[in-house]
Amino acid sequence: MKLAYFTGPGNVVGTYRHWREGRGDPGVPVRPYSSMFYDLVEQMRGEALVLHTFPGEADLQEGRFRIERLQGAEPAAGRIGYQLQRYRLARAIATRINAFKPDAAVISSGAPIPLLSMLDSGFPTITSIHRTYWPMHQPPADLKPRIKLALLRRALSHTDAAIGTSAECGRQYLELRGKDVPVQVQRPVLNYEAPLKPQTETPGARHFVYVGRITYDKGVFLLLKAFERLTAEQPGSKLSFAGDGEALEPLRSRVAQSPCDAQVEVLGRLPAAEVLDLMTRADLLVCPTLTEFTEGLAMVCIEAAAVGTPTLMSSVVPAQDILAGSCLTFQADSEEALLQAMRRLSGDSVEYRRMVAATRTLAPAFRDPSDCWGEQLRRLLDALL
């Protein structure tokens with residue numbers, strides 16, 4: 001079988017080198033999609049063309065795999081320049097995949113919208129959905145995003161199936177696709193051995209942690225403001241930020257000016273093993289994503305649950321679908337709602353202890369690969385071919 005795969009933004013060449021050596025990618029606690037794709041191709045004794053846009057990696061051809069970086073993927077200046085660049089990228093992807101003549105193509109949802117209509121109709125196309133198309137529970141009402149969704153709906157009519165990174169991704173895809181086509185929802189699986197932390201009688205959350213991209217739309221400043229108000233009532237609390245992004249230095253500057261700077265640490269980007277260690281030491285993961293960011297799942301919530309740490313998440317984070325009972329949600333964008341939720345779970349909180357117990361019940365599922373992305377892709381291929 002010949003499979004073509006246009007990937008997401010990660011370093012699929014680096015992941016391939018780790019996979020070839022029989023080890024997990026040390027940069028990610030949850031198993032990467034590309035690693036599971038390599039597994040599937042190897043098990044099927046197939047042939048694969050993998051296309052990506054990650055900078056700085058040379059093309060690689062080895063055994064069953066041809067991994068190529070597409071040129072000209074860098075963002076162009078201006079609205080018209082950006083659209084032209086996306087169109088050229090779509091044309092480059094389609095030209096390479098069509099020439100490969102695969103039995104099936106897997107296309108990341110981050111691909112340019114015109115791509116799906118440019119692919120030949122002689123093979124099925126499966127879209128891998130990494131982010132929701134609109135914030136959960138909040139379909140767009142304004143004209144501009146509705147026009148974009150109309151264009152996306154037309155593009156998705158050229159797809160034959162989908163894998164959703166969450167159940168919400170799958171629901172939104174079917175709403176746009178407008179037809180009963182196969183959809184699978186993946187369940188993440190840990191990339192490493194990470195035992196559950198020892199069970200203790202922690203009365204409530206004292207150590208809060210944020211892990212992920214440090215960007216404005218992820219709600220990091222909202223979390224900091226809510227924490228400052230909480231520490232006025234509970235001085236013994238602690239907050240840790242781990243990750244990298246455009247707002248890392250602004251966040252560090254803001255923390256330095258905070259009245260509770262001694263209780264807040266900004267750690268920057270950490271290796272996967274240190275991320276899991278941080279989550280193990282923490283009492284509660286906070287995922288305060290704002291409505292302006294379309295979250296696909298929030299993998300960090302799964303990583304936390306896998307080691308026995310519950311999550312407080314905003315209402316637009318789809319991870320609540322598979323973490324029921326072990327998470328609490330608050331109204332996205334609301335500092336007051338976040339503060340009230342943090343209050344509920346700190347102190348002597350029966351609700352917090354119940355969430356910890358539920359997390360320990362769910363944790364084994366994230367070590368079981370039976371419903372992982374690679375297995376869901378295998379099921380779709382069986383159904384389509």
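No experiment lies behind these values; they were computed from the predicted model shown.
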**Item:** Check: L297 and I302 side chains under 4.5 Å, non-hydrogen atoms
**Value:** yes
**Item:** Test item: R378 and M36 side chains (from C-beta on) under 4.5 Å apart, heavy atoms
**Value:** no
**Message:** Under a 3.5 Å distance rule, please check whether D368 uses its side chain to pair with a backbone N or O of V189 as donor and acceptor.
**Reply:** no
**Request:** Check whether NZ of the Lys or CZ of the Arg K2 lies under 6.0 Å from the centre of the six-membered ring of F100 and within 45 degrees of that ring's axis.
**Result:** yes
**Asked** Among D160, L384, V183, whose side-chain contact (heavy atoms from CB on, under 4.5 Å) with I126 holds?
**Response** L384
**Prompt:** So do Y133 and T294 actually touch side chain to side chain, heavy atoms under 4.5 Å?
**Reply:** no
**Heavy atoms from other residues, nucleotides or ligands near CZ of R379 exceed 12 (cutoff 6.0 Å)** = yes
**Charged N-O contact under 4.0 Å between D261 and R252** = no
**Item:** Centroid separation Y5 to W373 less than 6.0 Å
**Value:** yes
**Message:** Looking at R229 and E336, is any side-chain nitrogen of the basic one under 4.0 Å from a carboxylate oxygen of the acidic one?
**Reply:** yes
**Prompt:** Between K238 and E265, is there a salt bridge with N-O shorter than 4.0 Å?
**Reply:** yes
**Item:** Main-chain N/O of R69 paired to D59 side chain as donor or acceptor, under 3.5 Å
**Value:** yes
**Prompt:** Same cluster or not: are M118 and I113 linked, directly or through other Ile, Leu, Val, Met, Phe, Trp or Tyr residues, by side-chain heavy atoms under 4.5 angstrom apart?
**Reply:** no
**Request:** Measure the acute angle between the ring planes of Y210 and F241, then classify it against the limits of 30° and 60° as parallel, tilted or perpendicular.
**Result:** tilted
**Asked** For the rings on Y33 and H130, is their centre-to-centre separation under 6.0 Å?
**Response** yes
**Prompt:** Below 4.0 angstrom, N of the basic side chain to O of the carboxylate: do R146 and D142 qualify?
**Reply:** no
